[in-house]
Amino acid sequence: MSADERRRMIVQSVLPLLVEHGAGVTSSQIARAAGIGEGTVFRVFKDKDELFATCFAEALKPDQVLDAIAVIDLDQPLDDRLIEAADALSAHLQRMGALMAVMHGSGKRPEHRHGDRRDRRKESMSAMRDAMAELFEPEKDRLRLPPTQSAALFLSLLFSGRIRFSETGDEPTTMELVDVFLNGALAAA
C-alpha cells in the first residue's frame with residue numbers, strides 16, 4: 001500500500017471515531033479501527049493534530065456526495081432525482097456538522113487560514129451546483145431558469161432549510177421541500 005493510500009485508509013477509519021469520541025480518541029482506538037499498529041499511524045502522520053486536520057479536510061470534501069449524485073438515474077422523474085440528491089446532500093451536511101460539533105466541543109479546531117477555507121467552500125459549492133445542474137438538464141426546456149441557476153436555488157433552499165429548522169424540529173421533509181421548489185407554495189386551484 002502506498003503512503004497516500006495508507007493515509008486515506010487511516011483517515012476513513014478515524015472519521016467515525018472522531019464523531020463518536022472527539023479529540024479524545026486514543027491512538028490505540030485509531031490503530032484498531034484502521035487495522036494497523038499504533039506506530040504505523042505516527043509513521044504516516046507526525047501527530048494526532050496533523051491526523052485531525054487531515055480528517056477535517058477530508059470531511060469537508062464533497063467527493064462522496066458528488067459520487068452519489070453522479071449515479072442518480074436521469075430517466076426517472078425530476079422530483080425523484082431531486083429527492084435522491086437532497087437526501088445525499090443532507091447526509092453530507094449531517095456528517096460534517098457532527099464532526100465539527102464534537103471536535104469544537106472537545107477544543108480541537110481545524111488549522112487553516114480563513115482564505116483557504118473560503119476558497120475550498122466555494123470550490124465545493126461550485127462542484128455541488130454543477131452536479132445538481134446535471135439533474136436539471138433533461139428538463140432544461142421546461143425550466144424557468146437555466147439548469148445551473150435552478151441548481152443554485154435548490155441548494156440554497158435545501159441548505160438554509162436544513163440549518164435553520166434542524167434546531168426547531170419544524171424541518172420540512174425532503175419530499176415537501178422538493179414539492180414546494182418545483183410547484184411553489186400555493187396549493188393547486
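Bear in mind that the values here come from a model prediction, so they are computed numbers and not experimental data.
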*Close side-chain approach of Asp47 and Phe52, heavy atoms under 4.5 Å*: no
*Side chain to side chain, Asp73 and Arg81, heavy atoms closer than 4.5 Å*: no
*Would you please test Met128 and Phe159 for side-chain contact (heavy atoms from CB on, under 4.5 Å) and show each step?*
CA-CA 12 Å; Met128 287 187 274; Phe159 289 164; 4.1 Å; yes
_Looking at Arg120 and Glu123, is there a salt bridge between them, counting it only when a charged N and a carboxylate O are closer than 4.0 Å?_
no
*State, with a plain yes or no, whether a side-chain heavy atom of Phe154 is found less than 4.5 Å away from one of Leu177.*
yes
*Just checking, is any N or O donor in the side chain of Gln29 or Thr26 under 3.5 Å from an acceptor N or O on the other one?*
yes
*Output, in order, the C-alpha distance, side-chain angles, deciding distance and verdict of salt bridge (charged side-chain N to carboxylate O under 4.0 Å, His left out) for Arg7 and Glu50.*
CA-CA 11 Å; Arg7 284 176 71 85; Glu50 181 185 6; 3.7 Å; yes
*Taking all atoms of both residues into account, what is the closest heavy-atom pair of Ala59 and Leu15, and its distance?*
CB-CD2, 4.1 Å
_Can you see whether Ser124 engages Arg121 through a side-chain donor-acceptor pair at a distance of less than 3.5 angstrom?_
no
*Do the side chains of Thr40 and Arg6 get nearer than 4.5 Å, heavy atoms only?*
yes
*Sub-3.5 Å donor-acceptor pair from the side chain of Thr174 to the main-chain atoms of Ile83, do we have one?*
no
*Name all residues meeting the side chain to side chain contact (heavy atoms under 4.5 Å, CB included) criterion together with Met96; count only those two or more places apart in sequence or in a different chain, and write none if there are none.*
Leu60, His92, Leu93
*Any side-chain heavy-atom pair from Pro172 and Val180 closer than 4.5 angstrom?*
no
_Could you check whether any side-chain heavy atom of Leu89 comes within less than 4.5 Å of a side-chain heavy atom of Ile69, counting everything from C-beta outward?_
yes
*Backbone of Phe56 reached by a side-chain donor or acceptor of Lys61 within 3.5 Å*: no
*Before giving the answer on side-chain contact (heavy atoms from CB on, under 4.5 Å), spell out for Thr173 and Glu176 the whole-Å C-alpha distance, their side-chain angles and the decisive distance to 0.1 Å.*
CA-CA 5 Å; Thr173 66; Glu176 290 168 335; 3.1 Å; yes
*asked:* Please find the pair of heavy atoms, one from Leu66 and one from Ala131, that lie closest to each other, and give the distance.
replied: CD2-CB, 3.7 Å
*Is any side-chain heavy atom of Ser27 less than 4.5 Å from a side-chain heavy atom of Phe42?*
yes
*Is there a side-chain contact between Glu58 and Gln12 (heavy atoms, below 4.5 Å)?*
yes
*Closest non-hydrogen atom pair between Ala68 and Ala88, with its separation*: CB-CB, 3.9 Å
_Polar side chain donor-acceptor pair, Ser28 to Arg32, under 3.5 angstrom_ = yes
*Which pair of non-hydrogen atoms, one from Ala85 and one from Ile72, has the smallest distance, and what is that distance?*
N-CD1, 3.6 Å
*Nearest heavy-atom neighbours spanning Ser160 and Leu157*: OG-O, 3.4 Å
*Heavy-atom count around Gln76 CD within 6.0 Å, excluding the residue itself: above 12?*
yes
*Pairwise distance CD(Glu20) to CG(Leu99) - rounded to 0.5 angstrom*: 13.0 Å
*State which residues pass side chain to side chain contact (heavy atoms under 4.5 Å, CB included) with Leu182; sequence neighbours excluded, sorted by chain then number.*
Leu78, Asp79, Leu82, Val178
*Mind checking the NE2-CD1 spacing from His21 to Ile30? Nearest 0.5 Å is all I need.*
10.0 Å
*Could you tell me whether Lys140 and Glu137 have a side-chain N and a carboxylate O separated by less than 4.0 Å?*
yes
*If every non-hydrogen atom of Met9 is compared with every non-hydrogen atom of Ala34, which pair is closest and at what distance?*
SD-O, 3.3 Å
